[in-house]
Visitor: 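Here it is, the structure, as C-alpha cells.
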Amino acid sequence: MHLLTKKFAGQSIISWFFQVILIWVAWAVHDGTLPNNITTITFAAVLLLAIYWSFSLDRKSGNNR
C-alpha cells in the first residue's frame with residue numbers, strides 16, 4: 001500500500017490510476033464501446049469521488065511530512 005501512496009508529479013500513484021481509468025471510460029463512451037447509460041455515469045461518478053478522496057489523502061499525508 002505504501003507504493004500506491006508514493007508521490008509522482010505532486011500526486012500519489014493511486015490518484016493517477018483513478019484519473020487514467022476515468023479518461024479511459026470517457027474515451028470508451030466517446031468511441032461507443034461503452035454505452036452512455038446510468039451505469040456508466042454512476043461508475044464515472046464513483047471514480048470522481050475516489051479521485052477526490054485520494055487527493056484528500058495526498059493533502060493529509062503532505063501536512064504530516
Side-chain angles (χ1 to χ4, degrees):
M1 184 67 184
H2 183 64
L3 177 67
L4 296 178
T5 59
K6 284 201 181 259
K7 300 276 185 167
F8 176 73
Q11 299 178 30
S12 64
I13 301 295
I14 193 76
S15 297
W16 283 106
F17 179 71
F18 288 143
Q19 291 175 57
V20 167
I21 291 175
L22 184 62
I23 291 168
W24 176 81
V25 167
W27 196 274
V29 169
H30 175 73
D31 285 346
T33 56
L34 277 178
N36 187 8
N37 59 17
I38 193 69
T39 306
T40 306
I41 294 169
T42 304
F43 182 67
V46 169
L47 276 174
L48 282 174
L49 290 174
I51 290 169
Y52 286 126
W53 171 73
S54 65
F55 285 162
S56 173
L57 289 178
D58 288 348
R59 186 172 155 226
K60 283 182 184 178
S61 69
N63 289 341
N64 293 338
R65 290 183 184 172

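Starting from 1, each residue takes its place in the sequence as its number. Only this structure's heavy atoms are used, side chains among them; waters, hydrogens and symmetry mates stay out.
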Visitor: Return a table of donor-acceptor pairs under 3.5 angstrom between the side chains of residues 38-46 and protein atoms on other chains or two or more places apart.
Guide:
| residue | atom | partner | partner atom | Å |
| --- | --- | --- | --- | --- |
| Thr40 | OG1 | Pro35 | O | 2.7 |
| Thr40 | OG1 | Asn37 | OD1 | 3.1 |
| Thr42 | OG1 | Ile38 | O | 2.7 |

Visitor: Which atom names give the shortest non-hydrogen contact between Ser54 and Phe18, and what distance separates them?
Guide: OG-CD1, 4.2 Å
Visitor: Identify each donor-acceptor pair in which a side-chain atom of residues 19-32 lies under 3.5 Å from a protein atom, sequence neighbours left out, and give them as a table.
Guide:
| residue | atom | partner | partner atom | Å |
| --- | --- | --- | --- | --- |
| Gln19 | NE2 | Gln11 | OE1 | 2.5 |
| Gln19 | NE2 | Ser15 | O | 3.2 |
| Trp27 | NE1 | Asp31 | OD2 | 3.0 |

Visitor: Could you state the interatomic distance from CG (Leu49) to OG (Ser56), rounded to the nearest 0.5 Å?
Guide: 12.0 Å
Visitor: Count the heavy atoms belonging to other residues, nucleotides or ligands that lie under 6.0 Å from CZ of Phe55, then report whether that count exceeds 12.
Guide: yes
